[in-house]
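Keep in mind the model is a prediction, meaning the values are calculated, not measured. Proteins come first, then strands; the chains are lettered A, B, ... in the order of their sequence lines, and each starts at number 1.
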Protein chains: 2
Amino acid sequence: MTGLRYTEQMIIASQEGTVPQEGTVLQAGTGPEGICEVNCVHPEAVAEARAALPDGRDVETASAFLKLVADPTRLRLLSALNTRELCVCDLAAVVGLSESAVSHQLRLLRAGRVVAFRKAGRVAYYRLLDHHVTMLIDSALEHARE
Amino acid sequence: MTGLRYTEQMIIASQEGTVPQEGTVLQAGTGPEGICEVNCVHPEAVAEARAALPDGRDVETASAFLKLVADPTRLRLLSALNTRELCVCDLAAVVGLSESAVSHQLRLLRAGRVVAFRKAGRVAYYRLLDHHVTMLIDSALEHARE
DNA sequence: AGTATATATGAATGACTGCTCAGATATCAG
DNA sequence: CTGATATCTGAGCAGTCATTCATATATACT
């Protein structure tokens with residue numbers, strides 16, 4: 001346990017009924033997965049939180065999804081689509097943006113499976129893909145109004 | 001109505017039982033608020049969506065809140081805090097990041113009223129502020145696992 | 001007092017991203 | 001076919017942001 005200096009955290013850990021175990025201590029160094037600089041850590045707490053930590057891919061997926069909704073322009077677009085189906089031109093008019101900009105955003109939203117669209121001739125009508133999105137938008141906006 | 005060319009959308013609009021009304025048509029030009037390039041818009045649809053559009057400040061607030069949760073690093077931090085209260089050192093160990101980086105992120109989360117903290121001596125213990133955050137994290141991760 | 005430690009913060013940098021502009025594709029009207 | 005229109009897309013620029021490094025503050029121990 002070179003480089004480890006336990007002072008206070010051992011006391012706290014033992015107060016919590018758990019003695020720090022060497023096996024659970026994360027190693028300092030350059031490991032690609034278990035990297036961690038060790039000094040003041042509560043090993044028991046870290047181990048518990050680590051165990052409950054969601055899969056890396058899921059975090060990335062959830063993050064990507066939330067990022068799509070988090071942008072103010074896209075949130076406005078989605079709010080508009082929350083009321084009814086709309087074409088690109090309408091969306092541009094509603095949010096006061098160029099049609100090109102709207103199209104770019106819709107492309108992202110489509111790739112992220114947030115919106116769906118149907119084509120009637122030259123006109124593309126967009127709508128929210130499922131009501132998960134609707135719920136998220138509503139709850140986020142409600143949270144904002146508090 | 002200079003510059004307006006209605007072709008198909010009048011038909012669609014009338015199919016939906018509503019005739020486009022000139023009064024609701026948005027004006028082209030350089031107005032600071034009601035800017036909109038008019039060409040293929042369905043005036044009725046735009047008016048309806050515009051009316052239902054949430055307040056600009058609320059959109060901005062909700063967007064800022066979602067942005068805080070949308071970042072993968074912060075989402076990991078929040079997931080860790082979702083299990084239990086943790087200090088900065090522990091959080092750094094859990095997500096495998098420098099304590100400085102974690103502190104910077106926690107600062108943002110604190111400013112956005114997403115997390116709260118208590119200080120015990122030198123150690124700062126962070127926790128999620130309310131269960132709105134907990135619910136959002138869980139639902140976003142569940143959405144990702146589908 | 002002085003030293004060590006836990007966290008906070010300012011500056012700098014590299015990466016990402018949203019918009020504009022120009023051009024491409026596709027569909028409709030004549 | 002030709003011209004007009006609705007949407008899409010690639011390149012480039014400007015603004016944002018997450019990390020690192022160095023340093024500052026604050027608390028505990030001796």
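Distance alone, capped at 3.5 Å, places no donor-acceptor pair between the Arg113(A) side chain and the Phe65(A) backbone. A side-chain donor-acceptor contact under 3.5 Å links Ser79(B) to the backbone of Leu75(B).
Distance CG (Leu77(A)) to P (dT7(D)): 13 Å, rounded to an integer number of Å. For the pair Tyr125(B) OH and dT27(D) P, the computed distance is 15 Å after rounding to whole Å. One interatomic measurement links the two molecules: CG of Leu97(B) to C1' of dA18(D), which rounds to 9 Å at whole-angstrom precision. Here the P atom of nucleotide dA6(C) and the CG atom of Leu86(B) are 15 Å apart, to the nearest Å. Note: NZ (Lys119(A)) to C1' (dA26(C)) measures 6 Å, nearest angstrom. For the pair Arg74(B) CZ and dT16(D) P, the computed distance is 15 Å after rounding to whole Å.
For Arg122(A), whose side chain is taken as the heavy atoms from C-beta onward, the closest listed nucleotide among dG18(C), dT7(C), dA4(D) is dA4(D). Checked against dA8(C), dT7(D), dA18(D), the side chain of Val88(B) finds its nearest nucleotide in dA8(C). Of the candidates dT7(D), dA18(D), dA6(C), dT7(D) carries the atom nearest the Glu99(A) side chain, counting heavy atoms from C-beta on.
Heavy-atom neighbours of Arg145(B) CZ from other residues, nucleotides or ligands within 6.0 Å: above the threshold of 12. In this structure, Glu60(A) places its CD atom where more than 12 heavy-atom neighbours from other residues, nucleotides or ligands lie under 6.0 Å away. By the neighbour-count criterion of 12 heavy atoms within 6.0 Å, atom CZ of Arg127(B) is densely surrounded, having more than that number from other residues, nucleotides or ligands.
The shortest distance between side-chain heavy atoms of His132(B) and Glu146(A) falls below 4.5 Å. Between Val115(A) and Leu78(A) there is a side-chain heavy-atom pair separated by less than 4.5 Å. Two residues are said to be in side-chain contact when any heavy atoms from C-beta on lie closer than 4.5 Å; Glu99(A) and Ser103(A) fail this criterion.
The cluster map of Ile, Leu, Val, Met, Phe, Trp and Tyr, joined by side-chain heavy atoms under 4.5 Å apart, puts Val88(A) and Leu129(A) in different clusters. Both Leu108(B) and Val133(B) belong to a common hydrophobic cluster when Ile, Leu, Val, Met, Phe, Trp and Tyr are linked at side-chain heavy-atom distances under 4.5 angstrom. The cluster map of Ile, Leu, Val, Met, Phe, Trp and Tyr, joined by side-chain heavy atoms under 4.5 Å apart, puts Leu53(B) and Leu77(A) in the same cluster.
Using a 4.0 Å cutoff on non-hydrogen atoms, the parts of residues 100-112 of chain B near DNA chain D are Ser100(B), Ala101(B), His104(B), Gln105(B), Leu108(B), ordered by number. Contacts of residues 61-69 of chain A with DNA chain C (heavy atom under 4.0 Å): none.
Put simply, Tyr126(B) has a side-chain N or O that comes within less than 4.0 Å of OP1 or OP2 on dA8(C).
The rotation axes computed at either terminus of the helix from dA1(C)-dT30(D) to dG30(C)-dC1(D) lie 20° apart, taking five pairs at each end and rounding to 10 degrees.
Within the 4.0 angstrom heavy-atom criterion, no nucleotide atom of any strand lies near Phe117(A).
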